[in-house]
Novice: 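Before we start, here is the structure in question, set down as structure tokens.
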Amino acid sequence: MTTATPLGVTATIAAAARQAELRHAFDEALPLWQQAVDADTASRRDDPMRRYSLLRGTTAAQFRLADIEGARTSVDAAIEAAHALGRWD
């Protein structure tokens with residue numbers, strides 16, 4: 001039996017990713033952003049805005065580390081989340 005991840009876990013991991021970015025520790029930030037996206041998926045709570053925000057963070061960290069293919073995948077997922085919000089920007 002799988003249990004949903006509490007939203008607080010997602011928020012805590014995302015906050016840690018932002019703190020790593022403030023220190024310019026992008027190599028630490030990227031896995032945290034990816035963990036936050038995974039935790040959001042595991043939470044099974046549909047919040048396109050939260051998912052969009054997490055994917056934006058992931059994409060930015062990937063670009064900073066020159067992970068262009070990973071960033072391309074993340075930006076595509078962020079675009080899907082933005083469309084769910086009815087946003088095109």
Side-chain angles (χ1 to χ4, degrees):
M1 177 176 168
T2 26
T3 58
T5 303
L7 288 178
V9 172
T10 303
T12 300
I13 297 169
R18 284 189 287 278
Q19 286 297 315
E21 288 182 342
L22 288 173
R23 295 185 331 242
H24 300 279
F26 304 118
D27 57 326
E28 293 176 21
L30 178 56
L32 289 167
W33 282 119
Q34 291 167 330
Q35 288 174 25
V37 170
D38 292 343
D40 184 58
T41 301
S43 75
R44 292 186 258 154
R45 294 194 174 107
D46 189 29
D47 183 346
M49 185 56 145
R50 181 180 59 243
R51 185 149 190 87
Y52 172 73
S53 177
L54 295 172
L55 288 165
R56 276 186 33 205
T58 303
T59 301
Q62 288 167 318
F63 272 126
R64 288 181 180 118
L65 294 172
D67 178 6
I68 303 306
E69 287 303 312
R72 188 170 296 174
T73 301
S74 295
V75 83
D76 288 344
I79 288 169
E80 283 183 40
H83 287 178
L85 292 167
R87 295 184 62 162
W88 298 91
D89 56 342

Novice: Is a donor on one side and an acceptor on the other found under 3.5 Å between the side chain of Arg18 and the backbone of Ile13?
Specialist: no

Novice: Which hydrophobic side chains are connected to Leu54, either touching it within the sub-4.5 Å cutoff or through other members that do?
Specialist: Trp33, Val37, Leu55

Novice: Can you name the closest pair of heavy atoms from Ala17 and Ala29 and give their distance?
Specialist: O-CB, 3.7 Å

Novice: I'd like to know whether Ile79 forms a side chain to side chain contact (heavy atoms under 4.5 Å, CB included) with Tyr52, so could you lay out the CA-CA distance, the side-chain angles of the two residues, the decisive distance to 0.1 Å, and finally the verdict.
Specialist: CA-CA 8 Å; Ile79 288 169; Tyr52 172 73; over 6 Å; no

Novice: Looking at Glu21 and Arg64, is any side-chain nitrogen of the basic one under 4.0 Å from a carboxylate oxygen of the acidic one?
Specialist: yes

Novice: Does one side chain, of Thr41 or Arg51, offer a donor that lies under 3.5 Å from an acceptor on the other?
Specialist: yes

Novice: Can you tell me if Ser43 uses its side chain to pair, donor with acceptor, with the backbone of Asp40 under 3.5 Å?
Specialist: yes

Novice: With rounding to the nearest 0.5 angstrom, report the CZ to OG1 distance, Arg45 to Thr10.
Specialist: 9.0 Å

Novice: Calculate, to the nearest 0.5 Å, the distance between atoms OG1 and CD belonging to Thr73 and Gln62 respectively.
Specialist: 7.5 Å

Novice: Any sub-3.5 Å donor-acceptor pair from Thr12's side-chain atoms to Gly8's backbone N or O?
Specialist: yes

Novice: Going by salt bridge (Lys or Arg N to Asp or Glu O under 4.0 Å), name the residues that satisfy it together with Arg56, two or more places apart in sequence or in a different chain.
Specialist: none

Novice: Does Phe26 sit in a hydrophobic cluster with other residues, and if so which ones, taking ILVMFWY side chains as linked at heavy-atom separations under 4.5 Å, directly or through other members?
Specialist: Leu30, Leu65

